[in-house]
Amino acid sequence: MSEEVKPESVSLYPASAAATPEQETVCIFGTGDLGRSLGQRLLQSGYRLVYGSRRPHSCGPVPPGAQVMSHEVAAQSASLVFVCVQREHYDFLETLAPQLNGKVLVDVSNNLKKNMYPEANAEYLQKLIPGAHVVKAFNTLSAWALQNGPSDANRQVYLCGNNPEAKQAVAVISTKLGFTVQDRGSLSAARELEDFPLQLFPEWRLPMRLTIGLTAFFFFYLLTRDVIYAYVDEGRDISFRIMMSLANKVFPSVSLILLSLCYLPGVIAGFFQLYRGTKYKRFPDWLDRWMLCRKQLGLIALALASLHVLYTLLIPISFFFILFHFQIKSNKTSPFDTTMAWRTDSYYAIGALGFGLYLLLGISSLPSVSNALSWREFSFIQSKLGYLTLFFCTFHTYLYGWDRFLYISQYKWYTPPGYMLCLVVPSLVLVLRLLLLLPCVDKSLSRIRQGWERTDPENDSKKSLLA
Ligand code: NAP
């Protein structure tokens with residue numbers, strides 16, 4: 001027996017595949033990429049699904065078990081409608097106002113760039129159909145992510161809306177689909193949610209700029225001192241050193257400064273709290289922003305330190321090194337210098353230790369690892385072991401310099417060597433940290449961090465006068 005087909009409703013699949021009547025029906029407008037992926041997950045989660053389409057008889061493929069209808073009929077068959085249509089085509093929804101009144105409309109739309117329209121898409125939709133309850137949701141998930149189901153990286157559905165019941169209905173569906181819900185408040189938060197997918201590594205911008213700036217500075221500084229100086233002063237062309245030995249000076253220098261910049265804001269914050277005598281006053285914006293990008297600074301520092309290790313291992317097989325040793329071998333041997341042996345071995349050993357701890361810091365900042373740590377464990381690794389890493393890496397650089405700062409020949413064109421420059425910030429951070437660790441200072445800071453506040457004598461006298 002053939003299935004009865006209403007003129008405006010087309011079931012694309014056999015009746016056996018269709019859902020049972022007691023299943024909750026959900027409607028999706030639009031049979032495009034997102035509509036299809038979302039529909040597939042809704043069906044897998046046990047919902048009955050109807051699509052509203054401009055062309056119910058000739059739309060693209062839809063998931064098995066779904067029905068495709070005209071917008072009018074589809075809207076009437078469900079109390080919740082996902083609008084999976086681009087915002088520029090929303091006009092047609094105005095004519096559906098009678099069918100959509102009182103329904104929950106889920107706006108999933110995004111824009112191509114920020115501030116494209118005067119109001120958020122969800123607010124515009126609410127204006128078009130004032131009788132509906134618009135909820136902004138699912139726009140931060142891609143069609144691909146929906147198709148593959150929630151993964152570690154993409155488990156959250158952000159939503160906002162003015163009607164609590166409507167938000168609750170969307171939250172229930174999201175949870176059934178396997179997502180966790182983050183309520184961002186009223187519909188006025190819609191623009192913020194619509195800007196989410198347009199973000200391009202916002203938290204990496206400052207660390208990247210800093211890295212590029214420092215790398216450029218050290219590169220040109222060392223190029224001038226090492227390569228150009230040799231050419232101008234001694235007529236030697238050692239430009240080939242740019243590729244290995246110069247790069248191997250730039251990477252550790254920038255890495256050490258970035259690592260110390262991870263710890264400097266914490267130290268500055270400590271001094272701020274000591275000076276103000278309270279932890280309840282906000283830090284200046286620049287310090288807040290700096291603190292928020294410490295993880296990124298640390299990861300870039302780790303990447304550069306890894307390059308330094310790799311280059312150091314490669315240098316013994318570089319052309320120049322082999323040639324140099326070949327020439328030395330054929331000429332003369334120098335007497336064994338125990339001090340020099342100690343210096344070189346300590347330099348490598350401390351560097352290796354520092355790098356090992358560096359790796360530990362990087363690993364513990366991975367969400368899957370940090371989630372498994374208690375707050376105390378995390379702060380022990382990031383703070384105590386972090387300072388130890390900074391100490392080892394700084395000491396490693398001091399060992400590299402050894403007594404070379406005493407030789408005037410090191411100050412080519414009256415400039416200090418690169419390793420001296422890169423020691424300034426980490427040494428400062430370690431000294432400031434040591435100051436904070438002095439028992440009297442540490443005691444005051446700990447009390448402030450536990451909520452104690454130093455009373456302002458001037459304020460107190462004013463208060464007593466008023467009383
Ligand atoms: P799409 O593949 O282009 O599909 C949009 C659908 O809208 C079309 O298949 C069509 O369905 C319908 N449509 C097109 N023109 C229309 C018109 N003039 N009037 C009425 N309906 C029209 O787009 P999409 O990728 O699915 O995206 C849909 C919405 O989801 C967009 O607002 C987008 O910003 C948002 N979004 C997409 C993704 C993603 O990964 N794709 C992620 C997050 C959010 P019918 O032919 O069936 O009518």
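Just so you know, ligand 1 is whichever comes first in the structure, and atom 1 is the first atom listed for that ligand.
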Which atom pairs, one a donor and one an acceptor, fall under 3.5 Å between side chains of residues 420-429 and the rest of the protein, sequence neighbours left out?
| unit_1 | atom_1 | unit_2 | atom_2 | d |
| --- | --- | --- | --- | --- |
| S427 | OG | Y398 | OH | 2.8 |
| S427 | OG | L423 | O | 2.5 |

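Remark: R433 is not positioned above the aromatic ring of Y263, lacking an NZ or CZ atom under 6.0 angstrom from the ring centre and at most 45 degrees off the axis.
For the residue pair D107 / N139, no side-chain donor-acceptor distance below 3.5 Å is found, with atom types taken as modelled. In this model, a donor atom of one side chain and an acceptor atom of the other lie less than 3.5 Å apart for R48 and Q67.
Within 4.0 Å of ligand 1, heavy atoms belong to protein residues G30, T31, G32, D33, L34, S53, R54, C84, V85, Q86, H89, F92, V108, S109, N110, N139, L141, S142, A143.
Taking the centre of each ring, F82 and F29 stay at or above the 6.0 Å mark.
Below 30°, between 30° and 60°, or above 60°: for F395 and F391 the angle between ring planes is below 30°, a parallel geometry.
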